[in-house]
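In this text, all values refer to a predicted model and were calculated from it rather than measured experimentally.
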Amino acid sequence: MTDATAATSARAPRAAAARRLGPLGWTSLAVAALVLAPLLFVVGNVFVPSATTWAHLAATVLPGYIWNTALLVAMVAAGVMSIGVLSAWLVTAYRFPGQRVLEWALILPLAVPAYVMAYAYTDWLQFSGPVQTALRELTGLRAREYWFPEIRSLYGAGAMFSFALYPYVYLLARTAFLEQSRTAIEAGRLLGYSAWGSFWRVALPLARPGIAAGTALALMETLADFGTVSYFAVQTFTTGIYRAWLSLGDSVAAGQLATCLLAFVLIVLALERVQRGGARYAASRKPAPPHTLGGWKAAAALVLCAAPVLFGFLLPAGVLLELALTDPDARVGPRLYALIANSFTLSGVTALIAVVVAVLLAYAGRLAKSPVVPVANRLAALGYAVPGAVLAVGILVPLGRLDNALAGWIHASFGVKTGLLLTGSIVALVYACLVRYLAVAFQTTEAALARVTPAMDDAARSLGLAPARALARVHVPMVWGSMLTAGLLVFVDVMKELPMTFAMRPFNFDTLAVEAYNLTKDERLAEAAVPSLVIVAIGLAPLVVLSRQIARSRQRGG
């Protein structure tokens, strides 16, 4: 065999593999590479010496970061599981006054970011706030003559996250309880279990996969948070990353701390996988009928389910609204309109690109003839598990170097000073938000496309439509509603995003979240009330859609 023949034979399998991938398959690979690039950069910092910064951090604050992060994760896990599971069981298994309202109202705290909740509770519980003022008036006590819990503490942060994030557990646990069969619950009763005995011995073990998944989501949001822990002065890995990066000016040490934070995320995901194990439970067509409660039992159920709504939504939203309406420092003016415009621009651009990319990825997976494409799609969805602080380090540092090199080359070659084209605009920030929230759009559109029967693809091919035209003329109209839902979810997530926006925003491009954080950092809580309220109001939009789905699922479940 000649060299030319051997080379031709070697190229043939590669060409065949490329044809099997097709343009959509290569799109999946490119998106996966863009998602993995910042993670690889962050992890690569482990092998780079960090002068004396890392040694200083390891000897002084690193043990505190580990302890505080671990304790915060443990507190939030206990909080979201106890609140979410108990409320889900009560509204699913029992009928009591207010139950139908509470089963959708229990998701309302999702509209209030934890950092916004922290601002509201600080105003409510501080020394000059209404609670301590009323306490002093009632008891006649003065300052330092009584003890009052400090909200701006590690335990206060754990409470904020528990109230803000328990709906993740509530939603998945409620779904699991609705899908449990009447036969399983009645078997528990035949074995002599009481109502609560059936809950502990039958319903709870069957719902374990959903509870574990919801808890993992809440813990990943906790690890990703920057606003709450920074405002409460709780030293965690997230605050440490920004301190090493922005204050100490050591991007390598920031990357090494980010790697430690990634390790925490992997531990949470591993624990969720171990907890869930290989458990798989089929949904039942005959769910257990709810029992009607009366007397003190109905009152207790009402109080237990109303408390999370009160402390997680009504109270913080009410405090912010009261500040916005009564405090002269809370203003609505050109500054607020500019912040809203910036937030809508960032969220809208990101949501639009995310939906387009998600549809292409989901369609590539549908048509894939190569096993590489589904793997690439799964890798492209990994960004949601990565904290924003990690992505900020992994994107801004290498992109900043590329930006400087590109600006220098253009100036040297053409004599034009372009400035920073990527990091000096919202391009880098949009890229970071896409990496973080693409999974939200992808999972929604993939589930919608999966419901389209394969016969539609066959019909499109029989009409002579190429895959691109079939997607545009057949599939997109059929999943248009899900695409809008996906875009709305990404829009709201980006609107609430703080860690990446705080670190990566270009000059003079503040968003509502950044403005609220900066004002509260300066103890200007009243001025922060208005942008915080706008964030909460926008966050309510997807919850309206979700509440309708909950109402329909209750009708289907009986």
message: Is it the case that over 12 heavy atoms from other parts of the model lie below 6.0 angstrom from the NZ atom of Lys521?
response: yes
Audit row: Leu321, Leu533, side-chain contact (heavy atoms from CB on, under 4.5 Å) steps and yes/no: CA-CA 7 Å; Leu321 185 61; Leu533 269 178; 4.0 Å; yes
Spacing of CG belonging to Asp225 relative to CG belonging to Leu498, to within rounding of 0.5 Å: 7.5 Å
message: So does Val332 get a backbone contact from the side chain of Tyr337, meaning a donor-acceptor N/O pair under 3.5 Å?
response: no
task: Please report the shortest heavy-atom distance between Cys433 and Thr350, naming the atom on each side.
output: CB-CG2, 3.7 Å
Tyr121 vs Val319 side-chain heavy atoms within contact, under 4.5 Å: no
- prompt: Under the side-chain contact (heavy atoms from CB on, under 4.5 Å) criterion, do Lys297 and Tyr94 qualify, and how do the steps go?
  reply: CA-CA 10 Å; Lys297 292 183 179 180; Tyr94 299 100; over 6 Å; no
Side-chain touch Pro308/Leu106, heavy atoms, less than 4.5 angstrom: yes
query: Looking at CG of Leu519 and CG of Asp522, how far apart are the two atoms once the value is rounded to the nearest 0.5 Å?
result: 7.0 Å
field: Min side-chain heavy-atom separation Ile151-Gln126 under 4.5 Å
entry: no
message: How close do Ala380 and Val35 get, counting heavy atoms only, and between which atoms?
response: O-CG2, 3.5 Å
- prompt: Tell me the side-chain hydrogen bond (donor to acceptor under 3.5 Å, both in side chains) pairs involving residues 526-542, sequence neighbours left out?
  reply: Arg524-Glu527
- prompt: Rounded to the nearest 0.5 Å, how far apart are CG of Leu488 and CG of Asp493?
  reply: 9.5 Å
query: Given side chains that start at C-beta, do those of Tyr168 and Leu110 come closer than 4.5 Å, heavy atoms only?
result: yes
statement: Tightest non-hydrogen contact, residues Gly388 and Arg436, listed as N-NE, 3.9 Å
query: Knowing that exactly one of Val435, Leu379, Val386 qualifies, which makes a side-chain contact (heavy atoms from CB on, under 4.5 Å) with Leu39?
result: Val386
message: Between Thr445 (side chain only) and Phe442 (backbone N and O only), is there a donor and an acceptor less than 3.5 Å apart?
response: yes
query: Angle class for the Tyr517/Phe226 ring planes (parallel below 30°, perpendicular above 60°, tilted otherwise)?
result: tilted
field: Non-hydrogen atoms of Ser162 and Gly79 that approach each other most closely
entry: OG-CA, 3.6 Å
field: Point-to-point distance, once rounded to the nearest 0.5 Å, from CG of Leu72 to CG of Leu223
entry: 8.0 Å
query: In terms of ring plane angle, is the pair Phe264 and Phe237 parallel, tilted or perpendicular, where the classes change at 30° and 60°?
result: tilted
- request: Verify side-chain contact (heavy atoms from CB on, under 4.5 Å) between Leu172 and Ile211, making sure each step is shown before the conclusion.
  value: CA-CA 6 Å; Leu172 293 176; Ile211 295 170; over 6 Å; no
query: Where do Tyr155 and Met75 come nearest, in terms of heavy atoms and distance?
result: CD2-SD, 3.4 Å
message: Regarding Gln443 and Tyr384, do their side chains bring together a donor and an acceptor under 3.5 Å, going by distance alone?
response: no
Thr236 backbone acceptor or donor facing Thr239 side chain under 3.5 Å: yes
- prompt: Side chains of Phe344 and Ile538: does their closest heavy-atom pair fall under 4.5 Å?
  reply: yes
- line: In this structure, OG1 of Thr511 is separated from CG of Leu346 (nearest 0.5 Å) by 7.0 Å
- request: Could you tell me whether the side chain of Ser230 and the main chain of Gly227 form a donor-acceptor pair under 3.5 Å?
  value: no
message: Looking at Trp89, is its backbone amide N or carbonyl O close enough to the side chain of Thr92 to form a donor-acceptor pair, meaning the two atoms are under 3.5 Å apart?
response: no
query: Does the side chain of Leu302 reach to within under 4.5 Å of the side chain of Leu102, using non-hydrogen atoms?
result: yes
SB check Glu515 Arg505 (cutoff 4.0 Å): no
statement: Tested for ring-ring contact (aromatic ring centres under 6.0 Å, His included) against Tyr231, the lone hit among Tyr119, Phe502, Tyr115 is Tyr119
query: Considering only heavy atoms from C-beta outward, does the side chain of Val91 approach that of Cys305 to under 4.5 Å?
result: yes
message: Tell me every residue that passes salt bridge (charged side-chain N to carboxylate O under 4.0 Å, His left out) with Arg136, counting only those two or more places apart in sequence or in another chain.
response: none
task: Any chance you could measure Phe161, atom CZ, to Thr228, atom OG1, to the nearest 0.5 Å?
output: 4.0 Å
Nearest heavy-atom neighbours spanning Leu320 and Ala529: O-CB, 3.6 Å
query: Does the side chain of Val85 reach to within under 4.5 Å of the side chain of Val169, using non-hydrogen atoms?
result: yes
side-chain contact (heavy atoms from CB on, under 4.5 Å) between Ile83 and Tyr170, worked out: CA-CA 8 Å; Ile83 298 173; Tyr170 165 77; over 6 Å; no
